[in-house]
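Whatever order the structure lists them in is the order used to number ligands and atoms, beginning at 1.
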Amino acid sequence: MSPFLDLPPLSAATFAAIEDQVAALLHTTADVIVTQGEALLPLEAAIRGAAHPGSTALNIVTGPYGQTFGNWLRDCGATVVDLAVPFDSAVTAGQVAEALAAHPAIDFVSLVHAEAATGNTNPVAEIAGVVREHGALLMLDAVASVAAEPLLTDAWGVDLCVIGGQKAMGGPAGVSAVSVSGRAWERIAANPAAPRRSYLSLLDWKERWTDAGRAVLPHAPAQLEMLALGACLDRIAAAGLPTVIARHRAAAAATRAGVRVLDTVTPFVPDDAHAAPVATTLRTPADLSAAGLAAELLRLDPALPVQPGGGALAGSMLRVNHYGTAASVDTVRATLTALGSALGTDPAAALKAADTAWEAAAHASA
Ligand SMILES: *Cc1c(COP(=O)(O)O)cnc(C)c1O
């Protein structure tokens, strides 16, 4: 007997209820579409729905995903203004305002909230304010921020907010969702280049599912993933979203405090205000390969959520993915203990600093 087999098809009512739970998590009353596929699916669908030849996009690049968005925007024929900042920092609302003022034709802005790959986070509330004033649509990649830090889709004025289940939500990979504001629907509906009769079509979902009363599913959803997503949303609701957010904030603060005492590896994002709660990235010294360090840490403790940075960062950056169930004081302590062993340093003082930082951050109000 396998709990994964012989399941009845997922009902439309269950699917709609999951969408409503996601809407609550995102603090939005906009339409939410749950997509089966990794988060890149709704991100690409949002860009292809909104962008077209003749449109001008401001693409804010604060990590690797921003580069991907720029490529899609160009592929859609949009004129793209790239605003790139170093991956160990954050973009400011002032920089965004300058770019908008310099290019009045901008009608779409793509922004990543938090970057799990580089460990930085951007001040979305302020940025969204200047984007709204300019009148452009704002697409936010919140895959690495949802459940790790506040995400106020409607209050901030985010038009297209994309999430995935597998990071701070502690849920399944391969499921994702996007909220679509009324303004965004109007723009997409008016875009002759927006995908139709396509897996990337948000308009198909609107027509066949959302506007049709969500009574009949247009396809058979993957039950296992959807049931897992529903269970994960239930678990977040039971724990309380502020508690889940506080755990992530505390994990980042404790990891940063601990490594500062160890003093061999250093926070890749130096400014605490720019550090993402979802994951902490560490810079290794020139004579210490991050890939080698990650391998040694995993040899010491195979359960640690560590990996070397991607691409060119594999040599110099170690990622500590303290998200989901790994956003715990035990995981932070185990990581610092293994780092101490690998670096030949007694971890006692680092653990003490981490405990103190955890207590302070876990009890601070959001
Ligand atoms: C992980 C991540 C993604 C990609 O999510 P997938 O579900 O793997 O496609 C996109 N954006 C950000 C910021 C992420 O951290």
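Looking at D88 and R283, a side-chain N of the basic residue comes within less than 4.0 Å of a carboxylate O on the acidic one, giving a salt bridge. Salt bridge status for R214 with D31: absent, with no side-chain N to carboxylate O gap under 4.0 Å.
Results of the side chain to side chain contact (heavy atoms under 4.5 Å, CB included) test with V265 over L293, V320, L318 single out L293 as the only residue that passes.
In summary, the side chains of N120 and T118 do present a donor paired with an acceptor at a separation below 3.5 Å, with no hydrogens or angles considered. When only modelled atom types and interatomic distance are considered, D82 and Q67 share no side-chain donor-acceptor pair under 3.5 Å.
Judged as a ring pair (Phe, Tyr, Trp, His ring centres under 6.0 Å), the pairs with a partner in residues 217-256 (not counting sequence neighbours) are, in order, W205-H219.
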Enumerate, one pair per line, all nitrogen or oxygen atoms of ligand 1 lying under 3.5 Å from a protein nitrogen or oxygen, stating the separation to 0.1 Å; write 'none' if no such pair exists.
unit_1   : atom_1 : unit_2 : atom_2 : d
ligand 1 : 7 (O)  : A39    : N      : 2.9
ligand 1 : 7 (O)  : Q166   : NE2    : 2.8
ligand 1 : 8 (O)  : E38    : OE1    : 3.4
ligand 1 : 8 (O)  : Q166   : NE2    : 3.3
ligand 1 : 9 (O)  : E38    : OE1    : 2.5
ligand 1 : 9 (O)  : A39    : N      : 3.2
ligand 1 : 9 (O)  : L40    : N      : 3.2
ligand 1 : 11 (N) : D141   : OD1    : 3.3
ligand 1 : 11 (N) : D141   : OD2    : 2.6
ligand 1 : 15 (O) : K167   : NZ     : 2.7

